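First the structure, in the form of structure tokens, and then the observations on it.
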Amino acid sequence: MDQLSQLQDTAEKITSMEIRGAGRIAKAAAVALRDYAKSLEVGSIGEFSRHIENAAKLLVDTRPTAVSLPNAVRLTARYTSADVEEAREEIINNAEQFIKQAGDALQKIGEIGGRRIRDGDVIMTHCNSHAALSVITTAFGQGKDISVIATETRPRRQGLLTSKHLLDHGIPTTLIVDSAVRYCMKEVDSVIVGADAIAVNGALVNKIGTSQLALAAHEARTNFLTAAETYKFSPDTILGEFIEIEERSVDEVIDKETLAGLPELNVRNPAFDITPPEYIDLIITDVGAVPPGMAYSIIKDHLGWEIGDMV
Ligand code: RUB
């Protein structure tokens with residue numbers, strides 16, 4: 001496969017959700033940019049810059065909601081040198097650094113979040129988040145006797161991936177349909193979910209249905225935690241930008257044949273929702289467990305302003 005086809009292949013895998021989850025799409029984009037930059041044959045820095053910009057745009061346009069994706073692309077695609085070989089080297093190093101830091105961040109989140117879990121806790125989680133799973137498996141690895149209630153997560157049923165991951169670690173797991181969340185919440189000690197984006201006001205954007213878990217947790221006085229690497233915070237929201245909520249194909253919700261029998265039916269498939277900061281007890285990040293009110297500091301101190309307007 002040539003360099004461009006490889007890049008397009010990664011973009012296609014992110015669009016089709018063969019590669020999914022905010023952290024994994026970010027890392028896949030960094031790898032794709034690194035490999036593209038490595039083998040790019042150009043005659044001038046202007047040409048190099050045009051190709052990298054197009055590649056960055058192709059990757060960023062695959063899925064609109066997870067801010068990890070533009071953040072990873074911006075952190076990887078930046079360079080200062082006007083020499084092609086040096087610029088290429090900068091991009092390769094940026095990508096390696098991002099991939100390493102993303103791996104370290106998951107481990108750190110596990111350590112910090114694991115301390116919030118007590119022996120005997122029942123945890124509810126939604127969708128399939130490696131950050132949330134890092135917290136759960138770390139707590140279990142510390143010898144805490146915990147169990148997990150995993151939601152199915154319609155329509156793509158990522159809850160099955162989560163259940164498999166937990167069972168592979170030996171963690172007792174119960175799968176429930178999404179509509180059983182409120183009914184089961186009285187048995188739960190902590191809810192832990194991942195994040196596709198954290199806005200400057202501390203609002204959480206995550207898989208559709210997350211805000212229902214938060215509402216039910218609030219009502220039951222149950223802890224609601226989100227696990228989010230610093231690169232999932234959105235610098236653009238400081239500038240007043242909204243985070244776009246992805247609407248996916250209705251084919252994921254209802255099969256074509258059934259829909260053909262109901263020609264007047266309108267079907268929607270929003271993939272994410274927004275949980276307001278007042279429903280979130282703590283955000284577990286790689287630089288510490290912080291209340292949602294500290295989102296601005298995380299963006300300012302750990303991401304920097306300059307990554308907000310590059311792509
Ligand atoms: C995945 C999802 C996950 C976050 C965090 O949505 O909402 O909770 O992306 O995941 P989708 P992680 O399946 O549509 O990509 O912690 O692994 O980055």
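On a predicted model such as this, the values are computed, not experimentally measured, just so you know. FYI, the numbering just counts along the sequence from 1. Each ligand, and each atom within it, is numbered from 1 in the order the structure gives.
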Just jot down the ligand 1 atoms closer than 4.0 angstrom to any heavy atom of [X], in number order.
X	value
F272	6 (O), 7 (O), 14 (O)
Q158	11 (P), 13 (O), 14 (O)
M17	11 (P), 13 (O), 14 (O)
C127	1 (C), 2 (C), 6 (O), 7 (O)

Among protein heavy atoms, which sits nearest to [atom], and what does the distance come to when rounded to 0.1 Å?
atom	answer
atom 8 (O) of ligand 1	N206 OD1, 2.7 Å
atom 13 (O) of ligand 1	R20 NE, 2.5 Å
atom 9 (O) of ligand 1	A22 N, 2.8 Å
atom 6 (O) of ligand 1	K207 CE, 3.3 Å
atom 16 (O) of ligand 1	S129 OG, 2.7 Å

task = Decide whether V200 and I274 are clustered together by the hydrophobic rule: side chain heavy atoms of Ile, Leu, Val, Met, Phe, Trp, Tyr closer than 4.5 Å, transitively.
result = no

ask   = Is there a path from L69 to I99 through hydrophobic residues (I, L, V, M, F, W, Y) whose side chains come within less than 4.5 Å of each other?
value = no

Check: [X] N/O within less than 3.5 Å of ligand 1 N/O:
X	result
D196	yes
A131	yes
A132	no
K232	yes
G23	yes
G21	yes

Using a 4.0 Å heavy-atom cut-off, which part of [X] comes near ligand 1: side chain, backbone, both, or neither?
X	result
R24	side chain
R156	neither
H130	both

Please state whether [X] comes within less than 4.0 angstrom of ligand 1, counting heavy atoms only.
X	result
A271	no
R63	yes
E246	no
A195	yes

Do [Y] and [X] meet the salt-bridge criterion of a basic N to acidic O distance under 4.0 Å?
X	Y	value
K256	D251	yes
E229	K108	no
R157	D178	no

task = Calculate, to the nearest 0.5 Å, the distance between atoms CD1 and OG1 belonging to I109 and T285 respectively.
result = 6.5 Å

Is there a donor-acceptor pair closer than 3.5 Å between any side-chain N or O of [X] and the backbone N or O of [Y]?
X	Y	answer
T162	C127	yes
R88	A37	yes
K186	Y183	yes
H126	I208	yes

N128 and L133, any side-chain heavy atoms less than 4.5 Å apart = yes

query = Should the pair K27 and F98 be classed as cation-pi, given the thresholds of under 6.0 Å to the six-membered ring centre and 45° from the axis?
reply = no

ask   = Is the H165 ring parallel, tilted or perpendicular to the H130 ring (thresholds 30°, 60°)?
value = tilted

